Amino acid sequence: MLRRTIQLTLAVVMAMIAMLGGMLSTAGSAQADECYTWGRTLSEGMSGSDVTQLQIRVAGHAAYGEVIAVDGAFGPATKAAVTRFQQAYGLPADGIAGSQTFSRIYALQDPDCTPVHFTYAELNKCNSDWSGGAVSATTAKANGLRTMWKLEAMRHALGDVPLTVTSGFRSYACNSAVGGASNSRHLYGDAADLTGSPSLCTLAQRARYHGFGGIFGPGYPDHGDHTHVDGRTSRSWSAPNCGV
């Protein structure tokens with residue numbers, strides 16, 4: 001009888017341990033696994049595809065006028081961007097991407113890797129497959145994702161106010177239909193036109209700190225009703241009415 005009781009007790013304990021382990025596993029990794037999971041702590045001097053994935057998500061936490069390279073090499077600029085990300089979300093700010101940093105990123109992203117406040121549909125109101133632009137559909141969509149993460153950083157810096165995207169990716173046909181410039185960055189998928197609140201000037205001014213090489217707003221021809229931001233690597237800013 002005693003032996004039977006011990007066996008039953010052990011069975012119950014083992015079942016509880018298995019159940020708890022499953023719960024912990026689900027709580028710690030399920031959300032991340034739907035998109036991307038980092039398997040190591042990342043710091044300056046490291047490289048790899050996991051660094052690239054990190055850079056995509058912190059590139060919006062750039063210094064004034066800076067565009068963070070998404071090249072898979074964890075250099076000083078990436079470290080500084082990680083530090084700003086950590087500061088922005090109240091984490092220990094050491095520029096090293098570990099479990100706390102990754103957990104915060106997991107909380108900020110949806111299963112398709114887009115940041116929680118933006119969607120692919122929002123950045124592409126032209127067609128469903130990102131085709132017909134100046135780059136391949138795959139590249140255009142990837143550029144759209146990078147743009148969304150920059151906008152997420154900008155949104156947070158502005159006090160988590162909603163940002164309204166009226167135009168993102170355009171095929172040549174869509175670009176022509178709206179009278180866009182023949183070399184528009186919208187054709188590359190890395191541009192967004194913003195309207196609404198906060199003011200257009202606030203948007204243009206704030207965009208200077210979030211990795212946008214192209215910024216055009218009030219005072220620039222045909223930009224009186226929106227602020228345009230894009231991911232070009234060389235700086236081209238003009239929103240004269242806003243001091244940009």
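Computed from a predicted model, the values in this text were never measured in an experiment.
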**Q** Would you say H226's side chain and D193's backbone share a donor-acceptor pair under 3.5 angstrom?
**A** no
**Q** Treating Ile, Leu, Val, Met, Phe, Trp and Tyr as nodes and any side-chain heavy-atom pair under 4.5 angstrom as an edge, say whether V58 and W149 lie in one connected cluster.
**A** yes
**Q** On the ring face of F212, is K150 found with NZ or CZ under 6.0 Å from the centre and within 45° of the axis?
**A** yes
**Q** Is the shortest heavy-atom distance from the side chain of I105 to the side chain of L54 under 4.5 Å?
**A** yes
**Q** In Å, rounded to the nearest 0.5 Å, how long is the span from NZ of K125 to OG of S167?
**A** 8.0 Å
**Q** I'd like to know if K79 and D94 make a salt bridge, using a cut-off of under 4.0 Å between side-chain N and carboxylate O.
**A** no
**Q** Can a donor-acceptor pair be found between the side chains of R57 and Q53 at a distance below 3.5 Å?
**A** yes
**Q** For P92 versus Q100, what's the shortest heavy-atom pair and its separation?
**A** CD-OE1, 3.5 Å
**Q** At their closest point, which heavy atom of T78 faces which heavy atom of A73, and how far apart are they?
**A** OG1-O, 3.8 Å
**Q** Looking only at heavy atoms, what is the nearest atom pair of V161 and R155, with distance?
**A** O-CG, 3.0 Å
**Q** Counting N and O atoms only, with roles assigned by atom type, does the side chain of S103 sit under 3.5 Å from a partner on the main chain of S99, one being a donor and the other an acceptor?
**A** yes
**Q** Using every non-hydrogen atom in the two residues, find where L42 and M46 come nearest and quote the distance to one decimal.
**A** CA-SD, 3.7 Å
**Q** Any donor and acceptor pair, going by atom type alone, linking the side chain of D50 with main-chain N or O of W38 inside 3.5 Å?
**A** no
**Q** Are L151 and V67 linked, directly or through intermediate hydrophobic residues, by side-chain heavy-atom contacts shorter than 4.5 Å (ILVMFWY only)?
**A** no
**Q** Is Q205 reaching over with its side chain to a backbone N or O of C242, donor-acceptor style, under 3.5 angstrom?
**A** yes
**Q** Say whether, by atom type as modelled, one donor and one acceptor occur between the side chain of Q86 and the main chain of G95 under 3.5 angstrom.
**A** yes
**Q** Are Y64 and V229 in one and the same hydrophobic cluster, where Ile, Leu, Val, Met, Phe, Trp and Tyr link if side-chain heavy atoms are under 4.5 Å apart?
**A** yes
**Q** V82, Y106: one ILVMFWY side-chain cluster at the under-4.5 Å cut-off?
**A** yes
**Q** Kindly work out whether a path of hydrophobic side-chain contacts (I/L/V/M/F/W/Y, heavy atoms less than 4.5 Å apart) joins L194 to F216.
**A** no
**Q** Report yes if the side chains of P111 and C35 come closer than 4.5 Å at any heavy-atom pair, otherwise no.
**A** no
**Q** Is D112 close to Y120 at the side-chain level, that is, under 4.5 Å between some pair of heavy atoms?
**A** yes
**Q** Are the aromatic rings of H117 and H156 close, with centres under 6.0 Å apart?
**A** no
**Q** With rounding to the nearest 0.5 angstrom, report the CD to CG distance, E152 to L108.
**A** 5.5 Å
**Q** Within this structure, what is the CE-CD1 distance for the pair M148 and I56, rounded to the nearest 0.5 Å?
**A** 11.0 Å
**Q** Looking at T202 and P198, would you say the former's side chain and the latter's main chain have a donor-acceptor pair under 3.5 Å?
**A** no
**Q** Please, which pairs that meet side chain to side chain donor-acceptor pair (under 3.5 Å) have at least one residue in residues 231-244, sequence neighbours excluded?
**A** D230-R232
**Q** Does the side chain of T139 pick up a donor-acceptor pair with the side chain of S136 at under 3.5 Å?
**A** yes
**Q** Could you tell me whether a side-chain N or O of W130 sits under 3.5 Å from a main-chain N or O of T138, the two making a donor and an acceptor?
**A** no
**Q** Return the CZ to CD distance between R104 and Q109, rounded to the nearest 0.5 Å.
**A** 11.5 Å
**Q** Any salt bridge linking R146 with D190? Criterion: basic side-chain nitrogen under 4.0 Å from a carboxylate oxygen.
**A** no
**Q** With a 3.5 Å distance limit and no angle check, can you tell me whether T227 reaches the backbone of L200 through a side-chain donor-acceptor pair?
**A** yes
**Q** Tell me whether N124 contacts the main-chain N or O of N127 through its side chain, where contact means a donor paired with an acceptor under 3.5 Å.
**A** yes
**Q** Starting at CG of L163, measure out to OG1 of T195 and round the result to the nearest 0.5 Å.
**A** 10.0 Å
**Q** State, to 0.1 Å, how close A62 and H210 come at their nearest heavy-atom pair, and which atoms those are.
**A** CB-C, 4.5 Å
**Q** Taking all non-hydrogen atoms of both residues, which atom of E122 and which atom of V165 are closest, and how far apart?
**A** O-CG1, 3.8 Å
**Q** Ring centres of H61 and Y209 under 6.0 Å apart?
**A** no
**Q** Using the six-membered ring wherever Trp is involved, compare the ring planes of Y220 and H223 and label them parallel, tilted or perpendicular (cut-offs 30° and 60°).
**A** perpendicular
**Q** Test your reading of the model: is there a side-chain donor-acceptor pair from Q55 to the backbone of D71, 3.5 Å cut-off?
**A** yes
**Q** Would you say L187 and N175 make side-chain contact, with heavy atoms under 4.5 Å?
**A** yes
**Q** If I take atom CD from residue E44 and atom CZ from residue F74, how far apart are they, to the nearest 0.5 angstrom?
**A** 7.0 Å
